[in-house]
Amino acid sequence: MNFLKDISQQVSQSLKEKFACDVAASEVLINHTKPEFEGTYTVVLFPFVKRTKSNPQVLGEAIGTDLVNQTASIENFNIVKGFLNLSFTNEFWLNQLGKTVAGEYQDVNVGQGEKVLVEFSSPNTNKPLHLGHIRNILLGWSTANILEKTGYSVVRTQIVNDRGVAICKSMLSWKLFGNGETPESSGMKSDFLVGKYYVEFDKQLKVEYTTWQATDEAEQVFKEKAKPDTTSEDFFKGFKNHYFNDHSDLGRQVKDMLLKWEDDDEEVKALWSMMNGWVYDGFEVTYQKLGVGFDQSYYESDTYLTGKSMVEAGEEAGLFYKKEDGSIWVDLEPQGLDQKILLRSDGTSVYLTQDLGTADIRYQDHTAKKMIYVVGDEQNYHFKVLFEIMKKLDKPYAEGLYHLSYGMVDLPTGKMKSREGTVVDADVLIKEVIGEARSGAEERGDMGGLTADEQEGTIRDIGLGALKYFILKVNPQKRIVFDPKESVDMQGQTGPYIQNAYVRIKSIFRKSEEELSQDFAGYVCQDVERQLVNQLIQYPTVLEQAAAHYDPSLVAHYSYDLAKGFHRFYHDLRILGAESPEAKSFRLNLSKQIADTLESSLNLLGINLPQRM
RNA sequence: GGCCCCGUAGCUCAACUGGAUAGAGCAGCUGACUUCUAAUCAGCAGGUUGCACGUUCGAGUCGUGCCGGGGUCACCA
């Protein structure tokens, strides 16, 4: 919005000429005028009071007079306390709409083609995607869209955690208890089938553990390791991991499998490929339902070895150190962090190791110096560590790494826990939300001459629109409390509300037979209309901010405000039945721009706009 | 315990990064469909911004200290 810069410039000049005070144009603060006052933009005068040794009233009079005289678009000013409120001419607003129509407010190119890699979703392959993934995926997807829109060259990627103990649990469990069950034979969605065996493993382990607790061996362990005042019940609650590692038969078998996997054992690898394949098929279905996809997927199984050699190289270069038992560590205490292990004493890699390798391979593939990791905030510390290590290794992309951290999604009953079966599966939720949209549509009846297929598509867009908006409108840093039973609202500040504004506009244009022309010269616009034009020209600024902060919620709030403005306008004024040809032309153009902007902004959030609803 | 995040209306969220009398939606109560789609609009009611100091013309926003919630400090991922 260049005219704001011009105003700042003018203010700076006035201060210089009339008060001999040097204030850079960039220091001039211009706000939106509060609705209860006359005007559209406001210059805050307080900061100049001290520097000019003048009072706000005098300052305001001087600056305001200059602005009105020097700037054709400013019609009037008033001063309230230390605020200089500026009103713009009718001509100005007509011009602004004209510029918008001409596409002048379309280009945002802060990225200038710079490459950015956005990692999101990043699932494990032992169970289906759940509500938490949905937030992750929506955030990642829309952040990528926003970056693309603002001129970055974006690569969308996921890292699939396809190896390790978890998937081996599913594999072993299937082998022991599965009787050769397949997605075909069971009719289950394939990722759910794998998840089923993961849960089954846990169940069996629990049984095994409980039985073991009654043995002499367990009693011995309790006597040796329990602190004086703990009951055996409490002790064994905390001992579960140790049991799995040191005493469990199932645990032994899982580890055995993991070792065989690392040894490239044919049978184990075949099982692994098969079951991972099931999971990928299932994920793909879910991704498609959500309308997202990736330019490239990375697999931990392909990258962990690279990480390992990076660690070894770093150790040789003296950046890391080796303990007597052979494990390799990094000392990040100078950076205010801790000592972290990078390779286990048996030479196998840990979580960090893989992330090092993944980052490096990605850089080799894409030479993107910016990489954004969309990962939950429980891993804040992990990423701090990772980024520090990259700096230590002096990687060219080290400074461009960013952890887009977001809060967990909780249920009204508390945290989601897979062990307690309180996890909300992504597919189940999507179905529920679409069902909600369907019953809403049925209640309303009449979707105006759509075929059955089109209706189904619209219902899906509405349901998903509600879900996506609900999640994306919240600032990523905050935790979300999500009640899947009450599902998602379709009224008020919601996706469907915004979709509805768009649909109303589309409906108008369906009824308007003439070509859209710009014959609105001389039209005197009303307050609502000025406000709407003003909202429209904010769009590029909003995009810039959303891109700078990696925050889709800014776009979400903007589109709601715009839709709200439109609904009100629609209610107050006739468009097709406007009082004059100019008024009609102005309003049609305005509506068209609003529809385009709503479509653009909602698409950034991954929300589709139906033509009717 | 150390470090990190969060705390705003009954509920879900805003507040242009320090600016005016803290705004929306939901839920509750009123009113508006023979009018371009009522998934809409208008109104009422709802607040000591967790608490206390401090910084300054000005603090929900910055600082310090408490209180409450969450996370994290693994040879788990």
Side-chain angles (χ1 to χ4, degrees), chain A residues 29-37 42 44-47 49-50 56 80-83 85 122 124 161 164-166 241 245 300 323 325-329 336-338 340-346 348-352 354-355 376-382 384 405 407-408 410 412 415 437 440-441 443-444 446-448 462 466 470 473-475 477-483 486 489-501 503-512 538 541-542 545 549 553-554 556-557 560-561 564 567-568 570-578 587 591 612-613:
Chain A
L29 182 63
I30 301 178
N31 289 340
H32 295 286
T33 305
K34 292 236 153 196
E36 55 270 35
F37 300 104
T42 295
V44 184
L45 298 169
F46 293 111
V49 170
K50 229 180 203 172
V80 180
K81 294 191 204 165
F83 299 94
N85 302 325
S122 310
N124 293 328
N161 302 302
V165 176
N241 280 344
N245 285 327
E300 200 185 287
K323 281 193 180 171
D325 62 6
S327 55
I328 299 182
W329 294 70
L337 305 171
D338 301 292
K340 295 296 285 189
I341 188 162
L342 298 176
L343 270 187
R344 295 193 190 101
S345 48
D346 63 2
T348 58
S349 60
V350 295
Y351 185 41
L352 261 167
Q354 299 145 15
D355 271 358
D377 63 4
E378 78 255 0
Q379 293 195 33
N380 285 353
Y381 186 74
H382 168 77
K384 262 192 202 167
S405 156
M408 296 288 98
D410 291 326
K415 248 190 122 168
E443 239 173 71
R444 215 158 276 116
D446 186 34
M447 288 230 282
I462 294 171
F470 184 86
K473 75 172 182 193
V474 183
N475 179 324
Q477 276 188 323
K478 293 196 175 180
R479 293 179 82 94
I480 290 182
V481 181
F482 189 90
D483 191 340
E486 289 183 9
D489 286 336
M490 310 264 171
Q491 271 143 23
Q493 191 188 1
T494 65
Y497 174 95
I498 303 168
Q499 288 170 323
N500 186 235
V503 164
R504 282 178 145 181
I505 298 171
K506 287 291 147 179
S507 166
I508 290 169
F509 278 96
R510 242 177 273 124
K511 296 205 167 149
S512 153
Q538 305 309 309
T541 314
V542 171
Q545 274 181 6
H549 299 296
S553 73
L554 297 175
H557 284 109
Y560 169 70
D561 288 337
K564 188 178 160 82
H567 276 307
R568 186 197 172 121
Y570 178 90
H571 183 267
D572 289 355
L573 300 171
R574 309 260 82 204
I575 297 169
L576 290 176
R587 286 171 197 168
S591 303
R612 302 166 199 257
M613 62 194 278

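Numbers restart at 1 for each chain; the letters A, B, ... are given by sequence-line order, proteins then strands. Computed from heavy atoms alone, side chains included, the values below leave out hydrogens, waters and symmetry copies.
Taking the P atoms as reference points, B/G19 lies 25 Å from B/G65, given to the whole Å. Here the separation of B/C41 from B/G54, taken at their C1' atoms, is 47 Å to the nearest Å. For the P atom pair drawn from B/G70 and B/U12, the interatomic distance equals 15 Å after rounding to whole Å. With both ends at atom C1', the span from B/C13 to B/A22 equals 14 Å, rounded to whole Å. Going from the P atom of B/C62 to that of B/U17 covers 13 Å, rounded to whole Å. Comparing the P positions of B/G31 and B/G68 gives an interatomic distance of 47 Å, to the nearest angstrom. Nucleotides B/A14 and B/A24 place their C1' atoms 7 Å apart, quoted to the nearest Å. Remark: the separation of the C1' atoms in B/G46 and B/C29 is 12 Å, to the nearest Å.
The listed nucleotides are B/C36, B/C75, B/G25; the one nearest the side chain of A/W329 is B/C75. If you check B/C4, B/A74, B/A39 against the side chain of A/K384, the one that comes closest is B/C4. The side chain of A/H557 has B/C13 as its nearest neighbour among B/A20, B/A39, B/C13. Listed candidates were B/U40, B/U21, B/U35. Nearest to the side chain of A/Q491 is B/U40. In this structure, of B/C41, B/A20, B/U56, it is B/C41 that holds the atom nearest to the side chain of A/H567. Proximity note for A/Q354 (side chain, C-beta onward) versus B/G7, B/C36, B/A77: the nearest is B/A77. The listed nucleotides are B/A39, B/U37, B/C13; the one nearest the side chain of A/I462 is B/A39. In this structure, of B/U8, B/A39, B/A77, it is B/A39 that holds the atom nearest to the side chain of A/N500. Closest approach to the A/Q493 side chain among B/G25, B/A77, B/C36 is made by B/G25 (side chain taken as heavy atoms from C-beta onward). In this structure, the nucleotide among B/A39, B/A20, B/C26 sitting nearest to the side chain of A/D489 is B/C26.
Considering only side-chain N and O atoms, A/K473 lies nowhere under 4.0 angstrom from the phosphate OP1 or OP2 of B/U12. Neither OP1 nor OP2 of B/A74 sits under 4.0 Å from any side-chain N or O of A/R344. Taking 4.0 angstrom as the limit, A/S507 places a side-chain polar atom (N or O) nearer than this to OP1 or OP2 of B/U37. For A/R568, no side-chain nitrogen or oxygen approaches OP1 or OP2 of B/U40 to under 4.0 Å. Contact annotation: A/Y497 reaches the phosphate of B/C41 (side-chain N/O to OP1 or OP2, under 4.0 Å). At the phosphate of B/U37, neither OP1 nor OP2 sits under 4.0 Å from any side-chain N or O atom of A/K506. Checking the phosphate oxygens (OP1, OP2) of B/G7, no side-chain nitrogen or oxygen of A/R479 falls inside 4.0 Å. When the side-chain nitrogen and oxygen atoms of A/K564 are compared with OP1 and OP2 of B/G25, one or more of them lie within a distance under 4.0 Å. A/K511 has a side-chain polar atom (N or O) that falls below the 4.0 Å cut-off from OP1 or OP2 of B/U37.
Atom CZ of A/R444 and atom C1' of B/C33 are 14 Å apart (whole Å). Here B/G69 presents its C1' atom at 15 Å from CE of A/M408, a figure rounded to the nearest Å. Spacing between atom CE of A/M490 and atom P of B/G25 amounts to 19 Å, rounded to whole angstrom units. If you measure from atom NZ of A/K478 to atom C1' of B/C4, you get 17 Å, rounded to the nearest angstrom. A/R504 has its CZ atom 8 Å from the P atom of B/A39, to the nearest Å. In this structure, OH of A/Y381 is placed 14 Å from C1' of B/G71, rounded to the nearest angstrom.
Within 4.0 Å of A/D338, counting heavy atoms only, lie sugar-phosphate atoms of the nucleic acid but no base atom. When heavy atoms are screened at a 4.0 angstrom cut-off, A/L337 is found touching no nucleic acid atom at all. Residue contacts for A/N241: at a heavy-atom cut-off of 4.0 Å it reaches a base atom on one of the strands shown. Looking at heavy-atom distances under 4.0 Å, A/L573 makes contact with a base. A/N85 comes within 4.0 angstrom of a base, heavy atoms only. Across all strands, A/V503 comes closer than 4.0 Å to base atoms (heavy-atom distances). Residue A/Y570 is in base contact, counting any heavy-atom pair closer than 4.0 Å across all strands shown.
Residues satisfying the side-chain hydrogen bond (donor to acceptor under 3.5 Å, both in side chains) criterion with A/S349, sequence neighbours excluded, are A/R163. Annotation: ring-ring contact (aromatic ring centres under 6.0 Å, His included) contacts of A/Y560 (sequence neighbours excluded): A/Y497. In this structure A/N245 satisfies the side-chain hydrogen bond (donor to acceptor under 3.5 Å, both in side chains) test with no other residue, sequence neighbours excluded. Partners of A/F37 by ring-ring contact (aromatic ring centres under 6.0 Å, His included), not counting sequence neighbours: none found.
Here the CG-CD distance, from A/D561 to A/Q493, works out to 7.5 Å after rounding to the nearest 0.5 Å. The structure places CD1 of A/I341 at 9.0 Å from CD1 of A/I328, a figure rounded to the nearest 0.5 Å.
Side-chain contact between A/V44 and A/F83: present, with at least one pair of heavy atoms (C-beta onward) separated by less than 4.5 Å. When side chains are defined from C-beta on, A/D355 counts as touching A/H382, because their heavy atoms get closer than 4.5 Å. The shortest side-chain heavy-atom distance between A/I505 and A/Y570 does not fall under the 4.5 Å cut-off.
Proximity of a side-chain donor or acceptor of A/H557 to a complementary backbone N or O of A/S553 within less than 3.5 Å is detected. Of the possible donor and acceptor atoms, none in the side chain of A/R344 sits under 3.5 Å from a partner among the backbone N and O of A/V350. A distance-only check finds no donor-acceptor pair linking the side chain of A/R504 to the backbone of A/N500 [under 3.5 Å].
For CD of A/E443, the number of neighbouring non-hydrogen atoms (other residues, nucleotides, ligands) closer than 6.0 Å is 12 at most.
In B/C26 the base sits anti relative to the sugar, since the glycosidic angle is further than 90° from 0. In this structure B/U17 sits in the syn conformation; its chi angle is within 90° of 0.
Helical stems in RNA chain B, defined as runs of 3 or more consecutive Watson-Crick or G-U wobble pairs with donor-acceptor distances under 3.5 Å: B:1-7 with B:67-73, B:10-13 with B:23-26, B:28-32 with B:40-44, B:50-54 with B:62-66.
In this model, a side-chain donor or acceptor of A/T42 finds a partner on the base of B/A20 within 3.5 Å.
When A/D489, A/V503, A/I462 are each tested for a side-chain contact (heavy atoms from CB on, under 4.5 Å) with A/P496, only one passes: A/I462.
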Each nucleotide N or O in nucleotides 16-19 of chain B that has a protein N or O under 3.5 Å away: list the pair and distance.
unit_1	atom_1	unit_2	atom_2	d
B/C16	O2	A/H32	NE2	3.4
B/U17	O4	A/H549	NE2	3.1

